[in-house]
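Take a look at the structure set out below.
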Amino acid sequence: MESIPTRDQVTSWNPTPLKDIAANAGKIGDEISLASAYVHKALHDDLHWSGAARTAAEDRADREQREMRAVANAYYDLESAAEKLFQAIEYSVDQIKQIVKLHEVEPVFIGNDQAWTVHNMENEDEAVNLSGSLVSYATTIAEADAFWKPKIQQAIDEIRRMAPIVNGVGIESSGSGLSPARAAAVEYANQWALGRNPDYADLGEADCTNFVSQCLRAGGFQDEGDGGVPKMHRDDNARWYYDDDRTGVDKSYTWGGAPNLHDYLLRDNPKDGTPSGSEAQVGSITTTTAPVDPLALSRAGLKPGDIVQYELNDGANAGTINHTAIYVGQKPVTMPNGETVMADVVDYHSKENKQVPWSLQQGSDESFPLTYHMIKVDYPGD
């Protein structure tokens with residue numbers, strides 16, 4: 001006999017939560033769809049601007065609308081599967097409960113077995129027919145469960161994969177599994193990714209490493225050696241500091257310079273409490289459309305709070321390490337081929353970007369080919 005639920009299982013079931021799950025999932029899907037449409041309309045139709053800035057904003061709005069629609073569709077799938085399972089089993093569960101309540105009067109009882117055997121009933125034919133009815137209802141429940149439960153799980157898995165996620169503030173499981181130091185660095189990164197903290201100097205189009213150094217300091221790292229005589233030691237790659245106590249700002253080259261920070265992090269015998277790390281992987285990406293593993297950072301062992309540095313093919317110092325970003329977690333993104341996937345994402349400055357694919361393929365063709373350096377940072381508490 002096909003495996004079917006038993007008396008005790010069915011009489012303990014309440015299908016109503018399936019209906020509640022379906023209703024809530026539908027509401028969430030509707031809210032995401034409405035938010036997506038509102039943002040998309042605002043950027044395309046309601047803002048009166050032109051030129052490259054408008055094109056870039058509209059392209060980003062299109063990508064994010066696709067991503068949000070994919071998340072909404074996953075919630076709609078959950079709504080549909082939960083509602084269908086509720087409809088398929090509600091009647092059978094209710095009938096079994098009524099039969100048990102009506103007929104299970106001493107000395108009659110229904111066995112807790114898959115045959116649903118009715119015991120001690122005077123009319124044996126009636127007992128057999130009653131058992132047959134109970135088995136039929138239980139079979140309906142089992143078949144519906146076998147069909148719809150995997151679809152519910154598939155929808156839940158898709159939501160987990162697609163919904164803004166993993167180990168970053170504003171992404172799934174905020175700070176989950178991270179040391180307090182890493183979580184603080186990621187929180188700072190997401191707070192200031194799209195703006196400039198007035199407590200620090202704004203370095204304009206060269207702000208990327210300044211921003212990441214701020215994140216490291218927010219993560220609890222101590223400055224190493226101030227300038228002493230103002231600006232006298234700022235080119236010392238064994239120092240890392242930002243000092244605005246004196247007239248003007250005195251900061252080390254390691255604080256604001258991408259290649260200098262790279263050398264500082266990888267130095268020998270780092271002082272306790274100061275930033276240090278190791279290079280996990282170096283590689284290259286040829287074009288904005290080249291196939292790239294969207295989860296390469298996490299597969300290489302990086303955690304949110306770690307750093308990616310780049311040798312971009314354009315801008316100042318092209319072909320050397322000239323850009324720095326901080327890894328903040330994972331979220332669904334639309335890749336150059338139009339596929340929406342879960343990807344490791346980064347925050348960075350110079351051109352402010354928040355939670356964008358680590359490969360930077362949403363950016364300018366002129367930056368490619370590029371070389372990347374994945375750096376694991378040794379945070380306090382790791």
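Keep in mind that the numbers below use all heavy atoms, side chains included, and drop hydrogens, waters and symmetry copies.
Put simply, the side chain of Q361 gets close to the backbone of T288: a donor and an acceptor are under 3.5 Å apart. Between the side chain of E79 and the backbone N or O of N24, no donor-acceptor pair lies under 3.5 Å. In terms of modelled atom types and a separation under 3.5 Å, the side chain of S252 and the main chain of Y241 share a donor-acceptor contact. Judged by distance alone, with hydrogens and angles left aside, the side-chain atoms of Y242 form no donor-acceptor pair with the main-chain N or O of N210 at under 3.5 Å. Under a 3.5 Å cut-off, the side chain of D8 and the backbone N or O of N112 do not form any donor-acceptor pair. For E104 (side chain) and I110 (main-chain N/O), a donor-acceptor pair under 3.5 Å exists by modelled atom type. A donor-acceptor contact shorter than 3.5 Å links the side chain of S133 to the backbone of N129. The backbone N or O of S136 lies less than 3.5 Å from a partner atom in the side chain of T140, making a donor-acceptor pair. For Q9 (side chain) and T6 (main-chain N/O), a donor-acceptor pair under 3.5 Å exists by modelled atom type. A donor-acceptor pair under 3.5 Å is absent between the side-chain atoms of D382 and the main chain of D378, judged by distance alone.
Here the straight-line distance linking atom CZ of R7 with atom NZ of K97 works out to 11.5 Å at 0.5 Å rounding. If you take NE2 on H349 and CD on E205, they are separated by 11.5 Å, rounding to the nearest 0.5 Å. In this structure, the separation between CE on M374 and OG on S278 is 13.0 Å, given to the nearest 0.5 Å.
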Checklist entry - Given N190 and V328, is the side chain to side chain contact (heavy atoms under 4.5 Å, CB included) satisfied, shown in steps? => result CA-CA 8 Å; N190 285 321; V328 294; 4.0 Å; yes

Next on the checklist: Walk me through whether L265 and W240 qualify under side chain to side chain contact (heavy atoms under 4.5 Å, CB included).
Outcome noted: CA-CA 10 Å; L265 290 173; W240 178 80; over 6 Å; no

Checklist entry - Could you walk me through whether K251 and D243 pass the salt bridge (charged side-chain N to carboxylate O under 4.0 Å, His left out) check? => result CA-CA 6 Å; K251 57 180 172 51; D243 187 356; over 6 Å; no

Next on the checklist: D347 vs N353, test: side chain to side chain contact (heavy atoms under 4.5 Å, CB included). Steps then yes/no.
Outcome noted: CA-CA 6 Å; D347 292 348; N353 278 271; over 6 Å; no

Item to check | Worked verdict on T209 versus W255 for side chain to side chain contact (heavy atoms under 4.5 Å, CB included) | outcome: CA-CA 7 Å; T209 306; W255 181 278; over 6 Å; no

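At a threshold of 4.5 Å between non-hydrogen side-chain atoms, the residues T274 and F221 do not count as touching. At least one side-chain heavy atom of F211 sits under 4.5 Å from a side-chain heavy atom of W192. At least one side-chain heavy atom of V135 sits less than 4.5 Å from a side-chain heavy atom of I4. Residues N313 and F368 form no side-chain contact, since every pair of their non-hydrogen atoms from C-beta on lies 4.5 Å or further apart. Two residues are said to be in side-chain contact when any heavy atoms from C-beta on lie closer than 4.5 Å; Q214 and N197 meet this criterion. Residues L360 and L312 form a side-chain contact, since some pair of their non-hydrogen atoms from C-beta on lies under 4.5 Å apart. Between I21 and L78, some side-chain heavy-atom pair lies under the 4.5 Å cut-off. The shortest side-chain heavy-atom distance between I89 and W13 does not fall under the 4.5 Å cut-off.
Ring geometry for Y91 against Y137 counts as perpendicular: the plane angle is over 60°, on a 0 to 90° scale with 30° as the lower cut.
For the residue pair E311 / Y372, no side-chain donor-acceptor distance below 3.5 Å is found, with atom types taken as modelled. Side-chain polar atoms of D344 and S298 form a donor-acceptor pair below 3.5 angstrom. Between the side chains of R69 and Y76, not a single donor N or O lies within less than 3.5 Å of an accepting N or O.
Under a 4.0 Å N-O distance rule, the pair D77/K151 does not qualify as a salt bridge. In summary, D236 and R239 engage in a salt bridge, as defined by a charged side-chain N under 4.0 Å from a carboxylate O. Salt-bridge formation is detected for the pair D207/R196: a Lys NZ or Arg NE/NH1/NH2 atom is positioned less than 4.0 Å from an Asp or Glu carboxylate oxygen. The residues K19 and E90 are annotated as not salt-bridged, no charged nitrogen and carboxylate oxygen being separated by less than 4.0 angstrom. Between E187 and R182 no salt bridge is recorded (no basic side-chain N to carboxylate O distance below 4.0 Å).
Linking Ile, Leu, Val, Met, Phe, Trp and Tyr residues whenever their side-chain heavy atoms come within less than 4.5 Å places V108 and V100 in a single cluster. Following chains of ILVMFWY side-chain contacts shorter than 4.5 Å, one cannot reach L203 starting from V249, and the two form parts of different hydrophobic clusters. V10 and L134 fall within the same hydrophobic cluster, defined by Ile, Leu, Val, Met, Phe, Trp and Tyr side-chain heavy atoms under 4.5 Å apart, directly or through other members. Criterion: ILVMFWY side-chain heavy atoms under 4.5 Å apart, direct or through other members. Under it, I307 and Y200 are part of a common hydrophobic cluster. Cluster membership check: V308 does not share its hydrophobic cluster with V282, using side-chain heavy-atom separations under 4.5 Å among Ile, Leu, Val, Met, Phe, Trp and Tyr.
Heavy atoms of other residues, nucleotides or ligands lying less than 6.0 angstrom from CD of Q98 number more than 12. Other residues, nucleotides and ligands contribute only 12 or fewer heavy atoms inside 6.0 Å of the CD atom of E366.
Of all heavy-atom pairs spanning A144 and A88, the tightest one is CB-CB, 3.5 Å. Nearest approach of P5 to A142, heavy atoms of both residues: CD-CB, 3.9 Å. Minimum interatomic distance between C215 and I326 (heavy atoms only, all atoms of both residues): CB-CD1, 3.7 Å. Minimum heavy-atom separation, W148 to L85: CB-CB, 3.8 Å.
Here the options are H323, H262, H373, the test is ring pair (Phe, Tyr, Trp, His ring centres under 6.0 Å), and the partner is Y310; only H323 passes.
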